[in-house]
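The block underneath contains the structure these notes are about, expressed in structure tokens.
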Amino acid sequence: MDEKFLKPYDPQSTEPRIYSEWEKSGFFNPDTCVEGGHTAPDAAPYSIILPPPNVTGRLHMGHALMLAIEDTLIRYKRMQGLRTLWLPGTDHAAIATQSVVEKQIQKAEGKSRHDLGREELLKRIGEFAKESHDTIVNQVKTMGASLDWSREVFTLDEERSYAVRTMFKNMYEAGLIYRGHRIVNWDPKGQTTISDDEIVHEERKAKLYTFRYAKDFPIAISTTRPETKVGDTAVAVHPDDPRYKEYVGEEYSFTFCDVPVSVKIVADPEVDPAFGTGALGVTPAHSQTDWEIADRHDLPRPQVINEYAKMTVEGRLNNKKTTEARDMVVEWLAEEGLLEKEEEISQNISTAERTGGIIEPLPKLQWFIAVNKPFALRHSKIPGIQAGEDTSLRDIMHKAVSPEGITVMPEHAEKTYFHWVENLRDWCISRQIWYGHRIPVWYRGEEMYVGVEAPEGEGWEQDSDTLDTWFSSGLWTFSTMGWPKAWNDQTGEAEQGSDLAIWRPTDVLETGYDILFFWVARMILMTGFALGELPFKRVYLHGLVRDAQGRKMSKSLGNNMDPLEVTAKYGADAARMALIVGNTPGTDMRISEDKIKGYKHFANKLWNIARFIFENTEDADVAAPLTETDTALRAELDTLATEVTQDLEAYRIYLAAEKLYHYAWDRLAAELIEESKSIFQGTDEAAKASRKAVLLSILTDLLKLLHPFMPFVTEEIWKSIDPSTPLMVTRWPARIEG
RNA sequence: GGGCGACUAGCUCAGUUGGUUAGAGCGUUCGCUUCACACGCGAAAGGUCACAGGUUCGAAUCCUGUGUCGCCCACCA
């Protein structure tokens with residue numbers, strides 16, 4: 001027996017050594033597994049694309065959970081003999097990364113991005129991203145992730161950028177990308193547009209003012225934003241409201257706080273007759289619903305607020321901030337005797353998730369993806385959609401999720417998904433920031449050019465906006481495998497032998513439920529459009545990792561658990577088990593050091609089980625005939641192996657892990673080993689020989705079964721069983737049934 | 001306002017789609033330097049499975065309703 005077993009298991013010294021041995025072996029790469037004879041060249045493929053961590057700093061426990069689940073699946077499938085690819089990458093995370101760097105620069109040098117200029121800022125962000133990337137990769141390796149680093153990609157590298165430009169051009173040519181004026185969510189603090197999904201609603205107290213525009217105006221209206229009323233062009237009432245019926249169609253002109261205003265009375269079913277006075281002052285340029293009313297009634301849409309949330313009208317309000325202007329308008333209303341009522345209400349205001357700035361709805365020229373516009377796919381493997389027939393991006397997203405298409409775990413997340421898809425509006429994809437994929441559109445006077453490369457000729461200027469980061473993330477399952485170069489759009493086939501041909505669609509997309517809409521839905525959309533296919537067969541959504549009190553981990557609370565610290569203290573195996581056992585998809589989990597400590601103890605338990613078995617089987621004959629009892633013990637392990645296999649096939653990873661834990665500790669250690677002691681002290685030589693053989697055989701298979709969950713300790717013990725072949729490429733001890 | 005979910009031991013959670021006596025980790029109590037392991041061993045206490053009905057031979061599990069908590073989406077000016 002190796003002397004190392006005389007001391008307790010030490011993950012700190014073992015894990016880094018084992019990981020570098022794995023890396024050296026090259027077996028993270030499926031091609032090497034085939035070359036080494038561990039995987040058949042024609043074996044079925046299995047693939048997962050790593051959800052790329054943002055290059056904004058370091059990993060958190062959520063990443064650790066993701067890595068634990070995915071690595072468990074990957075190692076299991078690799079041992080099943082499949083051609084198993086787990087493809088790593090990182091995400092440039094446009095807004096998040098730029099704002100982190102801008103803050104750093106502001107703090108350290110007191111400079112804004114405008115002081116630095118586009119080129120210098122991008123250089124600084126690039127440096128930061130590189131550093132973050134290196135930190136992150138090291139952290140990922142610490143967790144034991146068996147990713148094929150030879151295929152690593154970045155959402156902003158040259159090939160991905162080419163894919164993004166190609167995709168933009170193709171969608172534009174299909175008429176699905178358009179430029180238009182829309183009310184967008186403008187963040188005056190971050191000076192950019194943000195998508196609906198990046199908004200956080202905060203409940204605040206506000207004052208609701210009821211007033212008339214002028215003395216002779218027949219209808220009183222209510223608003224929380226009196227300063228916007230200088231931009232009103234209509235008053236909308238409900239078509240059936242008897243109080244106002246007689247005024248519908250009338251037009252009035254007056255001077256409102258120094259600004260000449262004309263409003264038309266219109267009837268619109270959107271208006272709630274029970275709210276306030278039942279009459280709505282319509283400010284088309286500064287409210288989403290008002291913009292839509294203006295659409296229906298063909299109203300003018302003057303803009304009265306600019307990008308810095310300042311008033312752009314003449315008179316006393318000129319260049320005042322909106323909050324200041326609000327007070328001035330209220331004061332003016334009171335002076336003029338127009339104010340009728342002032343009441344406290346609570347309302348939800350929209351703020352930008354990243355900057356905390358209050359959203360100012362503004363009409364802007366932006367790029368959009370039309371989700372409802374009919375178009376036809378040239379090829380379709382999406383259930384329920386025929387090539388050549390009318391469909392839409394929303395239709396693709398809707399039909400993709402079905403028992404024949406993509407299945408989602410937990411199942412109830414499908415309902416949430418459909419609810420979201422059904423209420424989907426066009427996706428605004430332009431962002432007014434510098435870090436990201438620049439929109440591949442060039443302008444020269446009235447001319448516009450959309451293309452993968454800059455147009456020939458002088459005087460062309462590229463659109464200054466960049467794309468929403470989810471645009472490039474949406475391509476992730478195929479841009480990482482060589483699309484568009486390895487793809488033939490005419491035949492709808494990938495180049496023979498390319499990654500795209502072998503590992504598409506991917507088997508499972510494993511990620512947090514919080515990015516179901518941001519990312520999962522966008523991948524379905526993009527893949528559907530580009531390939532006429534599904535990006536993956538299954539979605540496995542894990543929950544959020546919370547602290548022991550159930551709070552979200554955050555910097556401000558200081559309750560962040562650093563995966564590096566945890567693995568340093570208890571080992572990656574322990575952290576992985578703690579994250580996996582009992583953690584069902586879609587459910588948030590609480591993690592505490594105590595739980596992790598429990599699995600560190602388990603790793604040591606396993607170590608001592610091995611020690612006992614090795615100590616007592618040095619002269620074992622593995623071919624010794626088994627007693628009846630031992631035959632039953634062997635069969636018991638086979639049953640366990642079958643159950644664990646079924647659980648893993650059904651993605652019940654949390655159950656498989658628990659069963660193995662239970663067997664190892666309560667059955668093997670507590671019962672079988674205890675019984676063995678008396679057998680070994682006895683005189684029945686046949687029973688001794690049998691027991692030695694069966695214990696070795698059980699340990700051999702148990703190590704294999706546990707390896708996907710606790711790769712390090714099992715690999716280290718394995719060296720005493722078969723030093724010639726790493727455990728990670730040995731064959732799984734049970735077949736997939738059915 | 002719309003949607004989704006949770007409620008099981010002191011705490012954190014499982015319970016593999018209806019089947020003996022409902023499980024685990026941590027915690028608690030008592031006893032152990034027992035020849036694999038004190039990162040351990042042996043024992044013990046602790047649950048009306050939120051509540052009320054219903055279906056069933058049988059319900060923590062299925063149905064209906066109630067309560068409490070949480071999350072997501074939308075947003076009324």
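Proteins get letters first, then strands, A, B, ... in listed order; numbering begins at 1 in each. Owing to the predicted nature of the structure, the values given are computational and were not obtained by experimental measurement.
Remark: P of B/C76 and CG of A/D241 are 19 Å apart, rounded to the nearest angstrom. Computed from coordinates, the A/F612 CZ to B/G40 C1' distance equals 15 Å when rounded to whole Å. Between the OH atom of A/Y209 and the C1' atom of B/A77 there is a distance of 15 Å, rounded to whole Å. Straight-line distance from the CZ atom of A/F602 to the C1' atom of B/G40: 15 Å, rounded to whole Å. Rounded to an integer number of Å, the gap from CZ of A/F275 to P of B/C76 is 9 Å. Taking atom NZ of residue A/K341 and atom P of nucleotide B/A77, one finds them 14 Å apart after rounding to whole Å. Computed from coordinates, the A/W291 CH2 to B/C76 P distance equals 16 Å when rounded to whole Å.
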Could you run down the sub-3.5 Å N/O contacts of the protein with nucleotides 59-67 of chain B?
none

Distances under 3.5 Å between nitrogen or oxygen atoms of protein and nucleotides 44-47 of chain B:
none

All N/O contacts under 3.5 Å from nucleotides 72-75 of chain B to the protein, with atom names and distances to one decimal?
unit_1, atom_1, unit_2, atom_2, d
B/C75, N3, A/N348, ND2, 2.9
B/C75, N4, A/H201, ND1, 2.9
B/C75, N4, A/N348, ND2, 3.4

Hey, what are the protein-to-nucleotides 6-10 of chain B N/O distances that come in under 3.5 Å?
none

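A/D187 places no side-chain N or O within donor-acceptor distance of the main-chain N or O of A/A352, the cut-off being under 3.5 Å. The closest donor-acceptor contact from the side chain of A/T567 to the backbone of A/P563 lies under 3.5 Å. Between the side chain of A/R691 and the backbone N or O of A/A687 there is no donor-acceptor pair closer than 3.5 Å. Using modelled atom types, no side-chain atom of A/Q303 and backbone atom of A/A285 make a donor-acceptor pair closer than 3.5 Å. Using modelled atom types, one side-chain atom of A/R576 and one backbone atom of A/F709 make a donor-acceptor pair closer than 3.5 Å.
A close approach under 4.0 Å does not occur between any side-chain nitrogen or oxygen of A/K600 and OP1 or OP2 of B/G40. Under 4.0 angstrom from either OP1 or OP2 of B/U12 there lies at least one side-chain N or O belonging to A/R590. Between A/W665 and B/C41 there is a side-chain polar atom (N or O) within less than 4.0 angstrom of OP1 or OP2.
When only modelled atom types and interatomic distance are considered, A/Y570 and A/E593 share a side-chain donor-acceptor pair under 3.5 Å. In the model, A/W732 has a side-chain atom that pairs as donor or acceptor with a side-chain atom of A/T645 under 3.5 Å. A donor-acceptor contact under 3.5 angstrom links the side chains of A/D268 and A/H297, judged on distance only.
Rounded to a whole angstrom, the distance from the P atom of B/C39 to that of B/G27 is 12 Å. Nucleotides B/A22 and B/U66 have their P atoms positioned 31 Å apart, rounded to a whole Å. With C1' as the reference atom, B/A74 and B/U68 are 25 Å apart, rounded to whole Å. B/G25 and B/A14 are spaced 10 Å apart, taking the C1' atom of each and rounding to whole Å. Of the P atoms belonging to B/G53 and B/A60, the separation is 15 Å, rounded to the nearest Å. Comparing B/C11 with B/C51, their P atoms sit 15 Å apart, to the nearest whole Å. Across the C1' atoms, B/A43 and B/U48 are found 27 Å apart, a figure rounded to whole Å. Rounded to the nearest Å, the gap between the C1' atom of B/U56 and that of B/G18 is 9 Å.
Nearest heavy atoms, A/A220 versus A/E340: CB-OE1, 3.6 Å. Minimum interatomic distance between A/N372 and A/L424 (heavy atoms only, all atoms of both residues): ND2-O, 4.4 Å.
Residues satisfying the side-chain hydrogen bond (donor to acceptor under 3.5 Å, both in side chains) criterion with A/E565, sequence neighbours excluded, are absent altogether. With sequence neighbours excluded, the residues that form a side-chain hydrogen bond (donor to acceptor under 3.5 Å, both in side chains) with A/E636 are A/R667. Applying the ring-ring contact (aromatic ring centres under 6.0 Å, His included) criterion to A/H238, with sequence neighbours excluded, gives no partner residue.
Taking every side-chain heavy atom of A/I609 into account, B/A36 is the closest of B/A77, B/C37, B/A36.
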Which donor-acceptor pairs under 3.5 Å do the side chains of residues 596-603 of chain A make with protein atoms, sequence neighbours left out?
none

Anything under 3.5 Å between a donor and an acceptor, one on a side chain of residues 655-665 of chain A, the other on a protein residue two or more places apart or in another chain? List them.
unit_1, atom_1, unit_2, atom_2, d
A/K659, NZ, A/E643, OE1, 3.4
A/K659, NZ, A/D647, OD2, 2.7
A/H662, NE2, A/D666, OD2, 3.1

Q: At under 4.0 Å between heavy atoms, which parts of nucleotides 14-35 of chain B does protein reach? Answer with one letter per nucleotide, 5' to 3': B base, S sugar-phosphate only, - none.
A: SSBB-------SS---------
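Salt-bridge check for A/K4 with A/E716: passed, with a basic side-chain N closer than 4.0 Å to an acidic carboxylate O.
Comparing A/S287 and A/Y9 by the nucleotide of RNA chain B that holds the closest heavy atom to each, the one mapping nearer the 5' end is A/Y9.
Pairs engaging residues 227-240 of chain A under the salt bridge (Lys or Arg N to Asp or Glu O under 4.0 Å) rule: A/R225-A/E227, A/E227-A/R326, A/K229-A/D232 [sequence neighbours left out].
For A/F5 and A/W607, the distance between ring centers is under 6.0 angstrom. Taking the six-membered ring wherever Trp is involved, the centroid distance between the rings of A/Y513 and A/H542 does not fall below 6.0 Å.
Among the heavy atoms of the strands lying under 4.0 Å from A/E674 is at least one base atom, whether or not backbone atoms are also near. In this structure, A/A669 reaches the bases: a heavy-atom distance under 4.0 Å links it to at least one base atom across the strands shown.
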Q: Would you write the dot-bracket representation of RNA chain B, where each base gets (, ), [, ], | or . depending on whether it forms a Watson-Crick or G-U pair under 3.5 Å and with which partner?
A: (((((((..((((.....[...)))).(((((.......))))).....(((((..]....))))))))))))....
Q. Can A/D2 and A/K719 be said to form a salt bridge (Lys or Arg N to Asp or Glu O under 4.0 Å), step by step?
A. CA-CA 10 Å; A/D2 195 310; A/K719 289 174 192 290; over 6 Å; no
Q: Given salt bridge (Lys or Arg N to Asp or Glu O under 4.0 Å), test A/D619 with A/K688 step by step and report yes or no.
A: CA-CA 11 Å; A/D619 58 344; A/K688 274 189 203 174; over 6 Å; no
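Applying the 3.5 Å distance criterion, the base of B/C37 shares a donor-acceptor pair with the side chain of A/K605.
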